[in-house]
> 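I have a structure here, written as structure tokens, and I will follow up with some questions on it.
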Amino acid sequence: MFNKILIANRGEIACRVAATARRMGVKSVAVYSDADASAKHVAACDQAVHIGASPPRESYLRWERILEAAKATGAQAVHPGYGFLSENEAFAQACAAAGLVFIGPPPSAIKAMGLKAESKQLMERAGVPLVPGYHGANQEPALLQAEADRIGYPVLIKASAGGGGKGMRAVDKAQDFAAALASCKREATSSFGDDAVLIEKYVQRPRHIEIQVFGDTHGNYVYLFERDCSVQRRHQKVLEEAPAPGMTPAMRAEMGAAAVAAARAVNYVGAGTVEFIVEQRSDGSMQFFFMEMNTRLQVEHPVTEAITGLDLVEWQLRVACGEPLPLQQDQLRITGHAIEARICAENPDNNFLPATGRLLVYRKPQASSFERSHGGGKVRIDDGVGEGDAISPFYDSMVAKLIVHGDDRAQALARLDDALAQVRIVGLNTNVQFLRYVVRSPSFAQANLDTALIPREQAVLFGQEPVGLVLAAAASVAQTLLDERALEGADPFTRRDGWRAFGVAERRFGFEFGGVTQDARLTYQHDGELHLAVGDAAGVLVFALTGSGIDLQFDGQRHTVFVHRQGETAHVFTAHGATRILAIDLLAHAGDHQAEAGRLTAPMPGKVLSFAVKAGDTVRRGQALAVMEAMKMEHTIAAPSDGTVGELLFAPGDQVSEGAELLKLVG
Ligand code: ADP
Ligand code: ADP
Ligand code: MG
């Protein structure tokens, strides 16, 4: 086995590889960019080498620097992870030339599978079934149009050099072909520096089912079963599971044999994935076609690890050392069912636009590693970030992968929903709530899987509000009181929570929820009971801090909630989901916060919509000063005290970061 390897990647996959290396007694070397100087993957390795500035082109793609780092640290091999240099033939070659083992397939296999069109020609010769289409070298627009007409619409134009869901255009009718072709070629040139395309029949309601294969240097091949990755957005995977629902042993064996034939055809070595598109016929039968081969470890490999009890990175290292495959085909078994959810920094309600920001709060479920425990573990989290880390615009928007394992699909599904409910992220938008909606959608729950699942279920996936105003407000009030008690102790004379020796004390709160403002009234009774009136609800509010959050009773219901404050925004997490509510504690503003009265800051990153005042205006406490749009919600910024408006520091339409001072108020 190697003594030391260099991991030419970052984030969760670098951490993932480092964990196996450590377990096997192999030392690991991290490389990192400026942005990653204190990243988790740097700490996960035994050594680390700085390789350049934050943009990938100046660091993670600079392979001369990476090879120098390997030489300087005495690493014997390089693990490329996925993305970056993992499918770069020249890099694999350069490793060999530098006397380093590239932990991956031979350069010739990367090349053969690198271009979708060429690889399809190869697969055709190897007898692997292909989607009807055109993958020739002639790229004359007229010929491509004629081929599309012959295949029959709808068709899919794909950049031959494409990847990551980019460079694809679906075309519904002949008249639209020329324009789609031109636009696809433009994107292919700018993204991949190669404008060659291929054309495929657009399979209706297809499933994406891929086969994990492994080869060694002794000519042995196995397949580690399938993964169903049909749940996609923008042709990118959202949820992946194994085994594929509805897969029969006969079809599995057939697809496995086709995948092994594909690997054998290019003398493949190491971990690879053969992706198939599966057409579901009206008679219930399924027909599979080769789509592409990814010549690396895949993002979703943990679901395969979960159902086989194997560590695929360990297999990669062993095979790269020249060892034979640890197991043969008849020794491989499927146990239970596994699902992976990709937690990404993005806005599902805004066409999945990637989001950036800092993980101010990042809490996750208790994990029990099941890499080698064969069904023993239940929840696994692979990530490359910790609380306080930033999701920067330089790299992928994936925050973490959550993988669950159960005896069957129903159990895995329940565990996934439960695990997702325990993920609490504050500071940036994520798809966590969206993932929960997908998991609970009728299609996913009934394993009615295909790549159109998300658009089909859009009514239950988008624009939902999982927590109502009343619960959000009650949770926020409870958190405010808990914070104050923690701060001020239990001494009744310093407590500000309304305790009075005589009479009933009252306290008012202002909330903004879903663009609507709402007052709440909290009254303290002689007997110590708290009464809360908010919206349509009024009654006794009871709460207590427990080990698992705030145990809250209000409005005839009992909930366990968590509240994290970010400025005046309370992020409320409940069993059903999370929401945000803007809490304006009027009493607190009148009292303690006087010192802050001069500064009016954005409670979260967003856009300034309008100012309700101008410089020189006299305002009263509580008067609206400005309106911001953040996280798809409008927020009114109100005056915390009486005063005169000084200067407006932004203009309507300006993008502002959290904490940015919006205007000055002179007391
Ligand atoms: P998988 O099937 O493993 O999810 P993807 O095609 O989604 O494979 O790619 C895996 C990772 O590789 C992505 O998260 C992305 O970071 C990176 N990647 C893939 N293709 C590209 C590309 N063309 N340009 C940049 N990054 C890419
Ligand atoms: P990438 O290299 O970007 O991963 P793929 O060729 O693997 O590109 O295709 C990505 C996704 O696009 C597939 O998982 C599938 O959802 C969809 N897709 C690809 N080919 C077809 C097709 N012929 N018909 C319908 N959908 C397709
Ligand atoms: Mg693909």
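Atoms considered below: every heavy atom in the structure, side chains included; atoms not considered: hydrogens, waters and symmetry mates. Counting convention: from 1, in listed order, for ligands and their atoms alike.
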> Taking the N/O/S atoms of Glu275 one by one, which is nearest to the Mg ion (ligand 3)?
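Considering only N, O and S atoms, Glu275 comes nearest to the Mg ion (ligand 3) through OE1.
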
> Determine, for Glu187 against Lys166, whether the closest basic-nitrogen to carboxylate-oxygen distance falls under 4.0 angstrom.
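Salt bridge absent between Glu187 and Lys166.
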
> Which one of Arg227, Arg342, His301 satisfies the side chain to side chain donor-acceptor pair (under 3.5 Å) criterion with Glu240?
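Single pass found, and it is Arg342.
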
> With a cut-off of 4.0 Å, which atoms of ligand 2 are near a heavy atom of Gly162?
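Near Gly162, the atoms of ligand 2 are 2 (O).
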
> Using the six-membered ring of Phe444, assess whether NZ or CZ of Arg409 lies under 6.0 Å from its centre and within 45 degrees of the ring axis.
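Here Arg409 passes the 6.0 Å and 45° test against Phe444.
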
> Going by the order shown, which atoms of ligand 2 are within less than 4.0 Å of some heavy atom of His208?
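Those atoms are 13 (C), 14 (O).
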
> Is the shortest N/O to N/O distance between Gly165 and ligand 2 below 3.5 Å?
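Such a contact does occur with ligand 2.
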
> Answer with yes or no whether Met168 contacts ligand 2, where contact means a heavy atom under 4.0 Å from a ligand atom.
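Flag set, Met168 near ligand 2.
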
> What part of Gln232 sits under 4.0 Å from ligand 2 if we count only heavy atoms: the side chain, the backbone, both or neither?
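Looking at Gln232 and ligand 2, just side chain atoms fall under 4.0 Å.
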
> Would you kindly specify which portion of Thr451 sits under 4.0 Å from ligand 2, judged on non-hydrogen atoms: side chain, backbone, both or neither?
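Near ligand 2, Thr451 shows its side chain, while the N, CA, C and O stay back.
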
> Assess Lys116 for proximity to ligand 2: is some non-hydrogen atom of it under 4.0 Å away?
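It does, in that a heavy atom of Lys116 comes within the 4.0 Å cut-off of ligand 2.
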
> Return yes if a side-chain donor-acceptor contact under 3.5 Å exists between Glu346 and Asn429, otherwise no.
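Their side chains do not contain a donor-acceptor pair, so the 3.5 Å distance test is not met.
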
> Could you tell me whether Lys111 atom NZ has more than 12 heavy atoms of other residues or ligands within 6.0 Å of it?
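Atom NZ in Lys111 is not packed in, count stays at 12 or less.
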
> Which option out of His235, Met291, Met293 puts a heavy atom nearest to atom 19 (C) of ligand 2?
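When every heavy atom of His235, Met291, Met293 is considered, Met291 comes closest to atom 19 (C) of ligand 2.
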
> Touching ligand 2 at all, Lys201? Heavy atoms, strictly under 4.0 Å?
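Contact present.
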
> Can you list the ligand 2 atoms lying under 4.0 Å from a non-hydrogen atom of Glu292?
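Taking each heavy atom of Glu292 in turn, ligand 2 has 1 (P), 2 (O), 4 (O), 5 (P), 7 (O), 8 (O) under 4.0 Å.
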
> Please walk me through it: do Phe214 and Tyr223 pass ring pair (Phe, Tyr, Trp, His ring centres under 6.0 Å)?
CA-CA 6 Å; Phe214 241 101; Tyr223 61 91; over 10 Å; no

> Between Arg10 and Tyr395, is NZ or CZ placed under 6.0 angstrom from the six-membered ring centre and within 45° of the ring axis?
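Yes, a cation-pi geometry holds between Arg10 and Tyr395.
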
> With Val197 as reference, evaluate Met168, Lys158, Gln139, Arg169 under the side chain to side chain contact (heavy atoms under 4.5 Å, CB included) test and give the passing residue.
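With Val197 as partner, Met168, Lys158, Gln139, Arg169 yield a single side chain to side chain contact (heavy atoms under 4.5 Å, CB included), made by Gln139.
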
> For Val203, is at least one N or O under 3.5 Å away from an N or O on ligand 2?
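N/O-N/O distance under 3.5 Å: yes.
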
> Below 4.0 angstrom from a heavy atom of Glu200, which ligand 2 atoms are there? Numbered from 1 as shown, please.
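Within the 4.0 Å cut-off of Glu200, ligand 2 contributes 20 (N), 21 (C), 22 (C), 23 (N).
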
> Relative to the heavy atoms of Ile277, which atoms of ligand 2 are at a distance of less than 4.0 Å?
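Atoms satisfying the 4.0 Å criterion: 18 (N), 20 (N), 21 (C), 22 (C), 24 (N), 25 (C), 26 (N), 27 (C).
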
> How is the N/O/S atom of Glu292 that comes nearest to the Mg ion (ligand 3) named?
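Closest N, O or S atom of Glu292 to the Mg ion (ligand 3): OE2.
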
> Using distance alone, with no hydrogens and no angle criterion, decide if His337 and Gln411 have a side-chain donor and acceptor under 3.5 Å apart.
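No - no donor-acceptor pair under 3.5 Å links their side chains.
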
> Taking atom types as modelled, find out whether Thr20 and Arg16 have a side-chain donor-acceptor pair closer than 3.5 angstrom.
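Side-chain D/A pair, Thr20 to Arg16: present.
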
> Taking only heavy atoms of Leu156 into account, list the atoms of ligand 2 that are under 4.0 Å away from them.
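Ligand 2 atoms under the 4.0 Å threshold to Leu156: 18 (N), 19 (C), 20 (N), 21 (C), 22 (C), 27 (C).
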
